[in-house]
Colleague: 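Just dropping this structure here.
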2 protein chains.
Amino acid sequence: MTSSETTDSPIERAGKRERLVASAGDLMHRLGVPATTLAQVAEAADVPVGNVYYYFKTKDDLIRAVIDDRAAGVRGMLAAFEQRRSPATRLKALVRHWSDMREVVARNGCPIGTLCTELGRREDGLEAESVVLFRLIVDWAEAQFRLLGRRDGHDQAVTLLAGVQGAAQLSHAFGDPDLMATQARALERWIDAMSAG
Amino acid sequence: MTSSETTDSPIERAGKRERLVASAGDLMHRLGVPATTLAQVAEAADVPVGNVYYYFKTKDDLIRAVIDDRAAGVRGMLAAFEQRRSPATRLKALVRHWSDMREVVARNGCPIGTLCTELGRREDGLEAESVVLFRLIVDWAEAQFRLLGRRDGHDQAVTLLAGVQGAAQLSHAFGDPDLMATQARALERWIDAMSAG
DNA sequence: GTCTATAAGATGATAGAC
DNA sequence: GTCTATCATCTTATAGAC
C-alpha cells in the first residue's frame, strides 16, 4: 500500500488505464462504437494518442474492457437491489433505475442497450461478449419472477427487459425523457398486478 | 412508356439509383450505418465506386434516400393493414409483421429500429428525419387504440411499439428468432385482453 | 450525361526512441 | 516501462476525361 504510493509509476499507469476505459465508455455511448476513434478517446483521457496501444493491443481490446467495466456496474447494481425485501420491490427498483436516468437515456440511449445492439452485429466474437450484459439482467429478473411463484419466469423476465429497452429506444429516438418515465411506471404497475394476482 | 424503353439511358439511370438505395439499405441494416462504406454500396449495386456521387451529393444524401425508401415501405404496410375489419385485428397484424420476419430480426435486428437508434445520435438534422419511421407507426397505432375506445391511446401505442422494438433488440442480441415470436404472441394476447375489457 | 483517376484527410496500428 | 513519430490503409469527395 505505502510502497505503491511512493512510486507514482504504477499509480499513473492504473490511472491512465482507468481513464481510457472511462473515456471510451462515455464516447462510445454518446457517439456509438464505430464512430468513436482512438484519437478522441486518448484526448478525452489526456493520454498521448498512439500510446493507447501500450494499454490495449487493439481497439477491440479497449471495447472488451468497456464491456467488462459495464458488466461490473450491472453486477453491483443487481447486488444492491438484493437488499430490498420482496421480489416485486426488487424488480420495480430495476425498472426505476432506467426511469431515474431518463435524461441520459433520452439524450444518448441506454448505455447497455446501444452497446449490445452495435456489437450484436459483429461476427468476430465480440457480439457474444456484449450480450452478457443483457443475460445478467434477464437471469436475475427470472429468479425474482420465480420467487413470485411464476413458472414462466424466463419469458416474464424477457418481457420486462424488452419493455425497458424498447422504451429507452423510443425515448432516445424521440428525445423525450418523459416517455421513459411513463413507460417505466406502466411496467411497475404490471409488476404490482403480477405479484398481487 | 414505349419511348423510354427504346433509350436505355434513363432506364439505366433509374435502375442504378434504385439499386444504390436498395444496396445501401441492405448493408446499413446488416453492418450499421457508420460501418457501411460507399465502396461497399457501389460494389453491391454494381455501380462504379466514385460514381455514387453522381446520384447522391454526399453519403448523408444516400442515407436520406434510404430513410425515405423505408418510410414508403412503412406507409404501404400500414395501408395494407387498413383492410382488416377491426382495430384489434389491425394491431395484431402489425405485431405479427415482426413475428414473421423473426429470422431477419434475430440476425440483423429490426431494419427500422436499428436505423433510428444509429441516426438518433447525430446532431446534423438526420436524427429528426429518421424518427419519422417510429412516428408513422405510433400515430397509426394510436388511432387504432382510440377506435378501441382507449382515451390513453398514445401511451398504449408507445407501449406496443416499445414491446415490439425491445423484443427485436433482445432477439437480435441473443440471436434467437423464437424470442421475437414468443414476445409477439404475448403482445397479441395483450391486445386481445384490451379489446375485450 | 456518365464514369475514371485521383486527391485530401483520417484511422488503426507499429517501430523504435527515450 | 513509457511515449513519439510515422506508416499503410481506407474513406469521402472531386476534377476532369469520355
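Sequence lines set the chain letters: A, B, ... in the order given, protein chains first and strands last, and positions in each chain run from 1. In what follows, every heavy atom counts, from backbone to side chain, and hydrogens, waters and symmetry copies are set aside.
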Colleague: Rounded to the nearest Å, what distance is computed from the CZ atom of residue B/R17 to the P atom of nucleotide C/dG1?
Modeller: 15 Å
Colleague: Quick one, B/R64 and B/F56 - any side-chain contact, counting heavy atoms below 4.5 Å?
Modeller: no
Colleague: Using the side-chain contact (heavy atoms from CB on, under 4.5 Å) rule, take B/L160 and B/V138 through it: C-alpha gap first, then chi angles, then the decisive distance, then the call.
Modeller: CA-CA 9 Å; B/L160 183 68; B/V138 169; over 6 Å; no
Colleague: Inspect the contact between A/D176 and A/R102 and indicate whether a charged nitrogen and a carboxylate oxygen are less than 4.0 angstrom apart.
Modeller: no
Colleague: Residues from residues 57-70 of chain A sitting under 4.0 Å of DNA chain C, heavy atoms only?
Modeller: A/T58, A/K59
Colleague: For the side chain of B/Y53, counting heavy atoms from C-beta on, which of D/dT12, C/dG12, C/dC3 is nearest?
Modeller: D/dT12
Colleague: Roughly how far, to the nearest 0.5 Å, is the CZ atom of B/F145 from the CD atom of B/Q156?
Modeller: 5.5 Å
Colleague: Of all the nucleotides listed (D/dT14, C/dT4, D/dC3), which has the minimum atom distance to the side chain of B/N51?
Modeller: C/dT4
Colleague: So, A/Q183 and A/W98: side-chain donor and acceptor under 3.5 Å apart, yes or no?
Modeller: no
Colleague: In this structure, how many angstroms lie between the P atom of D/dC10 and the CG atom of B/L31, rounded?
Modeller: 16 Å
Colleague: Considering only heavy atoms, which members of residues 38-50 of chain B lie under 4.0 Å from some atom of DNA chain D?
Modeller: B/L38, B/G50
Colleague: Starting at atom NZ of B/K16, determine the distance to atom C1' of C/dG1, rounded to an integer number of angstrom.
Modeller: 11 Å
Colleague: Which listed nucleotide (D/dT11, C/dT11, C/dT2) is nearest to the side chain of B/T37?
Modeller: D/dT11
Colleague: With a cut-off of less than 4.0 Å, is there a side-chain N or O of B/Y54 near OP1 or OP2 of D/dT14?
Modeller: no
Colleague: Any side-chain donor-acceptor pair under 3.5 Å between A/T114 and A/T117?
Modeller: no
Colleague: Please check if B/L148 and B/V164 belong to a single hydrophobic cluster, counting links between Ile, Leu, Val, Met, Phe, Trp and Tyr side chain heavy atoms closer than 4.5 Å.
Modeller: yes
Colleague: Got a second to check how far B/M28's CE is from B/E118's CD, nearest 0.5 Å?
Modeller: 9.0 Å
